[in-house]
A.B. asks: 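Got a structure here, written out as structure tokens. Questions coming.
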Amino acid sequence: MKITWNTIAIALCCPIAVLSMGCQGDITGSAPVHLNPNMDNVAYIEAQEPNPFFADGRGMRPHVEGTAAYNGTAISGPAKTHLYEGKLNGEFVAALPKLGPSGEEMTFGVEMVERGQERYNIYCAPCHSEAGDGQGIVIKRGMVMPPSFHEDRIMAMTLGQLYNTITYGIRNMKGYQSQIPVKDRWAIATYLRALQFSRNTPES
Amino acid sequence: MNKGVTMKNQAQNESLTNMDRRDFLKTAGIGAAAAGTTIVAGCRKPTQYILPYGKRPEDVIPGKPTYYATGMNIGATVEPLLVESHDGRPTKIEGNPGHPLSNGATSGWGQSSILDLYDPDRSRQANHGADTKTPEEVDAALGALAKSFAANGGKGLALLTQWVPSPSYSRALRDLKKALPNAKMFMHDPMWSSSAHAGAQMVNLNGVSTTLELDNAKVIVSLDSDFLGSEGDTVRNTRGFSAGRQVDEEPEKLNRLYTVEPRYTLTGTSADHRLQIRGSQVGEFLAELARTLKSKGLAVPAGAILPVPKLDAGVNAELAKKWLTVLADDLVANKGKSLVVVGDHQPSHVHALGHLVNSMLGAFGTTISMSKGLDLPVQGGVSELAALLDSGEAETVVILGSNPVYTTSGDLDFSAKLAKAKTTLHLGQRKDETGKDCTWHIPMSHFLEAWGDLQGSDGSALIQQPLIAPLFEARSALEIVLALQGYEGNAHDYVKATWMSATQQEAPFLAEKKKALENAQEALKGAEAEKALLGNAAPADAEGAADTAATSMAAAAEKVERAKTAVDTAQKDLTSAEVAAKAAADKAAAERTAAWGTWIQKGIINNGSTDTNAAFSWDKIAGAWASRNTPADSGFELNFISDYSVGDGRFANNSWLQEMPEPITKITWDNAASISKGTARELNINTGDMVKITSNGATLEIAACVTHGVAEGSIILPLGYGRTHGGKFATGAGFNAYSLMNGSDWIQSGATLAKSMGSYQLAITQMEKGDFSGEIQTRIDGLVRENTVDGYKKEKDFVKKYEVMPKDKLKSLFNVPDNSEGEQWNSVGQQWGMTVDLSSCNGCNACAIACQAENNVAVVGKKEVANGREMHWLRMDRYFDGTDENPDSAIQPMSCSHCENAPCETVCPVAATAHGPEGTNDIAYNRCIGTRYCANNCPYKVRRFNYYNFSKRMDEDYGPLIAMQRNPDVTVRFRGVIEKCSYCVQRITEAHIEAKTTGDRTGIVPDGGIQAACSQACAAGAITFGDVNDPTTAVSKKKASPRNYAMLAELNIHPRTTYLARIRNPNPALVEG
């Protein structure tokens, strides 16, 4: 057989075609091929990994009831719902909570408001805008507009309700509990108050 | 070879030869395809699932560790801990920086106790005979026991517990005693010194716990004590002692340590002077010292008669004589700033005399503080329990955590005694020697799984909080004691109740008012009695007399009225005071309730209180000394010690500890009888030879180890090995020295030693001269540099004289910065470096275990250690010097030094090891192809190679448990890869991230914002880690010391880890020549 460039080309193309056909767009139930293990999966348990040792199969274990982490905010009793949910006996609170088992007071300070501003501009401003009027960059791209913080309805909300909304979300807004630590959520709530005050300062 | 296989191979060969070319290709093609498929199928990524939190708890960020304060105890030692928890799994133990007993440091035992939580041999279910029992069945059985005991007041119940210095546990036992008055309680714990306790009782030091205040001490005399290594509050002691060794920072505080001991302890390695005499002579030496002190003019307290010593210091007799005068002079000169410390294993009369000498030295209140101690309501030890079992009175024996069948002396034969009881219940982490002899075995929880509390020797208390729910169906000792008295509620509530009512003291003003009322009532009674007396005498004869009587009667009546009013007022006062007191008590209770959260969070309740009102009585000492046992004239003396690795056997199934070389002998996975060089020469014994030791009719065949620092005629026997039911790592390791023990004495005389048949392979990580004869090898001067404090003062830069190559001869092609000369790195950013202060380090191994725990360092097993393949990233090199009778030692921690000019990097063919931008010598594990060129080129020999899949072997041994312990921030290394100290690069990265998100967000880690695992664990503060590019950091300041030197600097490698030369403070009067 005479070897021509065509034959060579076909001979070269065939395997490539076969290989590419075999993979592209093919839906497979099995995991991807991983030829060199490379210590990619070793016997330790990373976050959110399963652990067959436990009956529920989870690698992440719940903390024992009644314990307190060394630098945690954990507290017990009714102060817990105040700190974590912004509620006391089912009612939204107006005051700042106490922090930590020793009951460290949180205060409206410049530092806290500044921290709140910084966090607000990262997490909230894209929708609510830095002015808090609900004209964030995302809204300009066509997303449904959130209410302005300067509405009477929101002006009338207690600090606890603002905090609770940040934590658990409302309507289209998702909860930020998992993204923003508890102290920062309170800081944002205090900053919201400052923001509201800035637009609604009495003239005198 | 198997016949079938052979036949098959032949058939294949035939078919291959008969095959034509086409068939062959067909077959081969199918085969290759099949093989390819298999390889591909086998090399897929494992299918993984994500299990996120449904509702995430506050304060928890998956993957970010949280810390919980808790505590543990080993015998009387309390270690306050801060435990790192990765997603609810405890992974690493650190010391609690807020507690005075820890100040952030831990012991090696504390570090390694995390592995005990994940011990694969922990019992998982309760057993009754051969049946397994569910927790409900155990509850029912305990309930039935409680019920039957409640009916007869606990008749026939004997309880054996370990020493647990816990206020709640003590309260629970007292409550049990109250509920079941006929029950008997005993305590057995080889890690709790009964002789020290008896000695304290002898001088009327009851209910008082003593703590060494070593940072106040100028002269410390250790008498067979290992207060820095294995006895008492080692962490606190080490910190206090090393505070007196800071020759650059605090030269005026420099202390001096003398040790008198029969073997090298870690305390001995830190000593300025060490006298080697037999264990039985240590007490006699103390008695001689007491007499010398008296003759030097120190007052002996009233009632004390100094005993008459019979010191026989053997070959060191001359030296001992010299010592006595010099030592006494030094002690007298530093009265009030000196103390003697008697070892846990010395008999009680020596401890009593120790207290007397300390009293003469004015140590109490200055170098020894006292606080209110804690007592368990027990009636004796294991021998009393054995007697009770013999008499048949103990029908039900409940053993809580203790393992008496193994940890009691051979002559007691506790196993046979235990068989006499009808019901025996064992609570233990493993079904050990005792567990298998008991009718019931209940799994015991680890301290990280249970609620409790602890009180340290200084009176400071802490709450033990659990880090994880019990992994198995386990209970704590406290829970069993509560179940036996039918307490309804859990351990948490009980512990909380202890502390909520703990400090309820009557207000002093209330007592005053009570007293006032009593006085008023007393007055009223007197007045009434007077009136009654007058009334009786009323029918008088004379008129005048009658008048007088009437007058006095009226006066008496008035007096009574007045007294009544006073009583009323006092009553009113008291009532109002009671109201006030109740309000105060309520307020205090509210405060305690509020404080409870803080107590748990910070891991400390109070700092302890000092109580110096001890009323000593010295009159019993002379009697105890007169009736002391005199050692036999001939034969060897046996010194039983708790092992540095496994303690009394309680840590025997901890593979990290088993593989950690014993600090002095460097033996791993075994114990051996340590004998002196003289004995070895006489009996022709080498290290590894089997010897036969006979004492009091008991015989033990054990491997011998020729060890420096063993007193002539002594045999050192570490306990804790030779387990029969200790778990897969403990069983079969070493020899059981308990079998030679007779009674409760830790020092026994009159033993015989003979060379036996055969030899035994000991896995020793560092040998002298590479042979087994134990000759002292002359130390290479340049490695460990040391000087006396006077020599150092005269010649500050003495370390330079060890330099082999002058600095200007060390030329590099490029400029290597070296800040010891004041040069700075030109590169931007932080440059990491470390110093190790050899003046402070005592070689306790805590750093080495901490490194192993932090960095997932694999355990390789005895055989591979013997092959020289241990994986420790941080090792302790120890060197001996001097003569057999009077040896000298030095210890040097050694890990990767992160050389600027690293020889390992230049030889790696695949650039798997290279310099990081911050000066760390990094390894890309998955780039390493295992040529081992780097290990061969490393002058420090700190690179370790995974010859086998050691981590996988651990996975097989531990099952899924070990994965829970491992640090998910550090790769678990595979076979064929080199590994070594990374300067805890994962911590550096984490600190950078932290610094980028908080503060001024420059990413610059502040000094002290990062600690390597080793430096964090070190109680002596010997290891300093930090940025060497910033002259203000602690590590830069240490490097600026004239003591700073680089090991093997002549190789021009510029190591980042440098050493600070050891400065000793010997007494000029004892220095020869």
Side-chain angles (χ1 to χ4, degrees), chain A residues 28-54 56-77 79-80 83-85 98 100-104 167-168 175 177-179 181-183 185, chain B residues 39-41 43-53 56-63 66-69 82 85-89 451 465-469 471 492 594-598 600-603 856 925-926 951-952 955 959-964 966-968 970-974 977:
Chain A
T28 169
S30 42
V33 172
H34 192 66
L35 287 174
N36 184 357
N38 245 346
M39 290 169 266
D40 290 339
N41 294 290
V42 292
Y44 56 50
I45 298 163
E46 285 175 290
Q48 310 194 337
E49 274 192 350
N51 183 359
F53 175 80
F54 294 103
D56 65 1
R58 285 172 183 274
M60 296 198 291
R61 307 312 304 164
H63 294 271
V64 182
E65 189 59 40
T67 58
Y70 194 63
N71 284 325
T73 56
I75 49 172
S76 52
K80 198 168 174 176
L83 172 65
Y84 290 153
E85 295 168 26
K98 286 181 176 177
S102 47
E104 177 197 331
T167 308
Y168 298 110
Q177 187 192 16
S178 57
Q179 266 166 284
V182 60
K183 223 174 149 179
R185 296 201 297 270
Chain B
I39 289 167
V40 168
C43 292
R44 286 187 183 278
K45 266 188 185 165
T47 311
Q48 286 171 306
Y49 297 92
I50 293 175
L51 285 89
Y53 282 118
R56 205 177 84 198
E58 294 283 358
D59 282 349
V60 171
I61 297 169
T66 45
Y67 293 84
Y68 285 79
L82 192 61
S85 168
H86 271 99
D87 303 317
R89 283 171 286 110
W451 282 98
Q465 61 174 333
L467 268 280
I468 191 168
L471 297 178
H492 167 262
W596 173 255
T598 320
I600 325 181
Q601 191 192 32
K602 296 295 173 202
N856 301 334
Y925 295 125
N926 45 15
S951 61
K952 199 175 166 198
D955 294 344
L961 286 161
I962 190 71
M964 285 190 253
R966 288 211 179 107
N967 184 356
V970 179
T971 311
V972 181
R973 280 80 54 190
F974 196 67
V977 172

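Owing to the predicted nature of the structure, the values given are computational and were not obtained by experimental measurement. Throughout, a chain's letter reflects where its sequence line sits, starting with A, and its residues are numbered from 1.
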A.B. asks: Let me know if A/Pro181 has heavy atoms under 4.5 Å from chain B in its side chain, its backbone, both or neither.
C.D. replies: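 Neither part.
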A.B. asks: Looking at B/Lys45, B/Arg56, B/Glu58, which has the largest count of heavy-atom pairs under 4.5 Å with chain A?
C.D. replies: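 Answer, by heavy-atom pair count under 4.5 Å with chain A: B/Glu58.
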A.B. asks: Sort out for me which of B/Pro466, B/Ala69, B/Gly959, B/Gly63 touches chain A most, counting heavy-atom pairs under 4.5 Å.
C.D. replies: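 Heavy-atom pairs under 4.5 Å are most numerous for B/Pro466.
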A.B. asks: Kindly write out the residues that satisfy side chain to side chain contact (heavy atoms under 4.5 Å, CB included) with A/Asn36, not counting sequence neighbours, or none if the list is empty.
C.D. replies: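 With sequence neighbours excluded, A/Asn36 shows a side chain to side chain contact (heavy atoms under 4.5 Å, CB included) to A/Asn38, given in chain and number order.
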A.B. asks: Find the one option among B/Thr47, B/Leu82, B/Ile61, B/Asn967 whose heavy-atom pairs under 4.5 Å with chain A are most numerous.
C.D. replies: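 The option with the most such pairs is B/Leu82.
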A.B. asks: I'd like to verify something: which residue of A/Tyr70, A/Phe54, A/Phe53 has the highest number of heavy-atom pairs under 4.5 Å with chain B?
C.D. replies: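 The candidate making the most pairs under 4.5 Å is A/Tyr70.
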A.B. asks: Determine all donor-acceptor pairs shorter than 3.5 Å in which one atom belongs to a side chain in residues 59-68 of chain A; sequence neighbours excluded.
C.D. replies:
from, atom 1, to, atom 2, distance (Å)
A/Arg61, NH1, A/Asp56, OD1, 2.9
A/Arg61, NH1, A/Arg58, O, 2.9
A/His63, ND1, B/Tyr68, OH, 2.6
A/Thr67, OG1, A/Val64, O, 2.7

A.B. asks: Go through the atoms of A/Asn71 and report whether side chain, backbone, both or neither lie under 4.5 Å from a heavy atom of chain B.
C.D. replies: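 For A/Asn71, backbone and side chain are both near chain B.
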A.B. asks: Checking B/Thr66 against chain A: side chain, backbone, both or neither under 4.5 Å from a heavy atom?
C.D. replies: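 Only the side chain of B/Thr66 comes within 4.5 Å of chain A.
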A.B. asks: Could you check if a side-chain atom of A/Asn41 sits within less than 4.5 angstrom of a side-chain atom of B/Gln48, using non-hydrogen atoms only?
C.D. replies: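 The answer is yes; the side chains approach within 4.5 Å.
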A.B. asks: What part of B/Val977 gets within 4.5 angstrom of chain A, counting heavy atoms only: side chain, backbone, both, or neither?
C.D. replies: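 Answer is side chain: those atoms of B/Val977 sit under 4.5 Å from chain A.
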A.B. asks: Spell out, as yes or no, whether a donor-acceptor pair under 3.5 Å connects the side chain of A/Glu46 to the backbone of B/Pro968.
C.D. replies: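 No, the answer is negative, given that no donor and acceptor are paired below the 3.5 Å cut-off.
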A.B. asks: Taking the side chain as every heavy atom from C-beta outward, state whether B/Phe974 and B/Lys952 have any atom pair closer than 4.5 Å.
C.D. replies: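 No. Closest side-chain heavy atoms not under 4.5 Å.
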A.B. asks: If you tally heavy-atom pairs under 4.5 Å against chain B, which of A/Gln48, A/Glu49, A/Lys183, A/Gln177 wins?
C.D. replies: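 Ranked by contacts with chain B, first place is A/Gln48.
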A.B. asks: So which part of B/Pro52 gets closer than 4.5 Å to some heavy atom of chain A, the side chain, the backbone, both or neither?
C.D. replies: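 Both parts, backbone and side chain.
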A.B. asks: Assess whether side chain to side chain contact (heavy atoms under 4.5 Å, CB included) is satisfied between B/Asp955 and B/Val972, documenting all intermediate values.
C.D. replies: CA-CA 11 Å; B/Asp955 294 344; B/Val972 181; 5.9 Å; no
A.B. asks: With a 4.5 Å heavy-atom cut-off, do B/Ser951 and B/Asn856 have their side chains touching?
C.D. replies: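 No, too far: nothing below the 4.5 Å cut-off.
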